[in-house]
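Protein chains get the first letters and strands the later ones, always in sequence-line order, with residue 1 at the start of each. Atom set for the values below is all heavy atoms of this structure, side chains included, hydrogens, waters and symmetry mates excluded.
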Number of protein chains: 2
Amino acid sequence: MENKVMSIGVVRELTGLTERQIRYYEQRKLIFPERTKGGNRRYSFEDVNKLIYIHQKMQEGFNTVELREPPKPRRRGCAPA
Amino acid sequence: MENKVMSIGVVRELTGLTERQIRYYEQRKLIFPERTKGGNRRYSFEDVNKLIYIHQKMQEGFNTVELREPPKPRRRGCAPA
DNA sequence: CGTGTAAGGAATTCTGACACG
DNA sequence: CGTGTAAGGAATTCTGACACG
């Protein structure tokens, strides 16, 4: 179910998080909801699971950066010897 | 996915139907979305599939009554001899 | 019967900011 | 850093009605 079909209100109910938290985790690049033409967010069930996982880890002491998805393997710096 | 999570707008996109049709099929007892506290409809993926099926049958000539789910087997009238 | 539409209101969501720590 | 909140606006959805056929 990677179909982006849920509004933030439904996600709020499903995850138990606040809209503030949900939007913040998006701002921190932890989730990537789609947008309607009007600008409203649309989430998938995967997003919901991810949010639950994220919040659990947060309570265990992780911060948003540590929970970020494995970034694209860009190679930079580390000049060769 | 019998989880009622989609707003009518998403259902409109997924089915290709108009909101008018979607609401009308509900009025005719063909689908049964839930409601938010505020009164907004929430549909499941099952509802979406059902709507697509319904509309297809409609175009084949069926009417809303004929497409109604098998009604509860209530017994009435038909006085015994 | 099944569907389109204009009308007015209400629920939902959005952004940017101030706050705290 | 992560989250709460009040503020104002905009997108979304709701109902009941008129229309056509």
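- Looking at B:Arg12 and B:Leu17, their side chains never come closer than 4.5 Å, going by heavy atoms from C-beta outward.
- For D:dT15, its base never sits under 3.5 Å from the side chain of B:Arg23 at any donor and acceptor pair.
- Separating the CD atom of A:Glu26 from the P atom of C:dG16 is a distance of 12 Å, rounded to the nearest angstrom.
- The closest donor-acceptor contact from the side chain of A:Gln59 to the backbone of A:Gln56 lies at 3.5 Å or more, if one exists at all.
- Along DNA chain D, the nucleotide nearest to A:Phe62 and the one nearest to A:Lys37 differ in position, and the one closer to the 5' end is contacted by A:Phe62.
- Considering only the side chain of A:Thr18, D:dG4 comes nearest among D:dT12, D:dT3, D:dG4.
- For the OP1/OP2 pair of D:dT13 and a distance below 4.0 Å, the side-chain nitrogens and oxygens of B:Ser7 include at least one atom meeting the criterion.
- One atom, CD1 of B:Ile8, and another, P of C:dA10, lie 20 Å apart when rounded to the nearest Å.
- A straight line from CD of A:Gln27 to C1' of C:dG16 spans 11 Å, rounded to a whole angstrom.
- Without hydrogens or angle criteria, B:Lys4 side chain to B:Phe32 main chain gives a donor-acceptor distance under 3.5 Å.
- When the P atom of C:dT13 is taken as reference, atom CD of A:Glu34 falls 17 Å away, rounded to whole Å.
- Of the side-chain N and O atoms in A:Arg35, one or more sit less than 4.0 angstrom from OP1 or OP2 of C:dT15.
- For D:dC20, the paired nucleotide is C:dG2, the pair qualifying as Watson-Crick or G-U wobble because both relevant distances are below 3.5 Å.
- Taking atom NE2 of residue B:His55 and atom P of nucleotide C:dG2, one finds them 11 Å apart after rounding to whole Å.
- Under the salt bridge (charged side-chain N to carboxylate O under 4.0 Å, His left out) rule, B:Glu26 has a single partner from B:Arg20, B:Arg42, B:Arg41, B:Lys50, which is B:Arg41.
- Of the two residues near DNA chain C, A:Arg20 and A:Arg12, the one whose nearest nucleotide lies more 5' is A:Arg12.
- The residue among B:Gln21 and B:Asn40 whose nearest nucleotide of DNA chain C is located toward the 5' end is B:Gln21.
- The distance between atom CD of B:Glu19 and atom C1' of D:dT15, rounded to the nearest whole Å, is 13 Å.
- C:dC14 and D:dG8 make up a base pair, with Watson-Crick or G-U wobble contacts both under 3.5 Å.
- Using a 4.0 Å heavy-atom criterion, one finds that B:Arg41 contacts the sugar-phosphate atoms exclusively.
- OP1 or OP2 of D:dT3 lies within a sub-4.0 Å distance of a side-chain N or O belonging to A:Tyr25.
- Computed from coordinates, the A:Asn63 CG to D:dG2 C1' distance equals 10 Å when rounded to whole Å.
- As a whole-Å value, the separation of B:Ile22 CD1 from D:dC14 C1' is 14 Å.
- Within the 4.0 Å cut-off from OP1 or OP2 of D:dG2, at least one side-chain nitrogen or oxygen of A:Tyr24 is found.
- B:Glu13 places no side-chain N or O within 3.5 Å of a backbone atom of B:Val10 that could act as its donor or acceptor partner.
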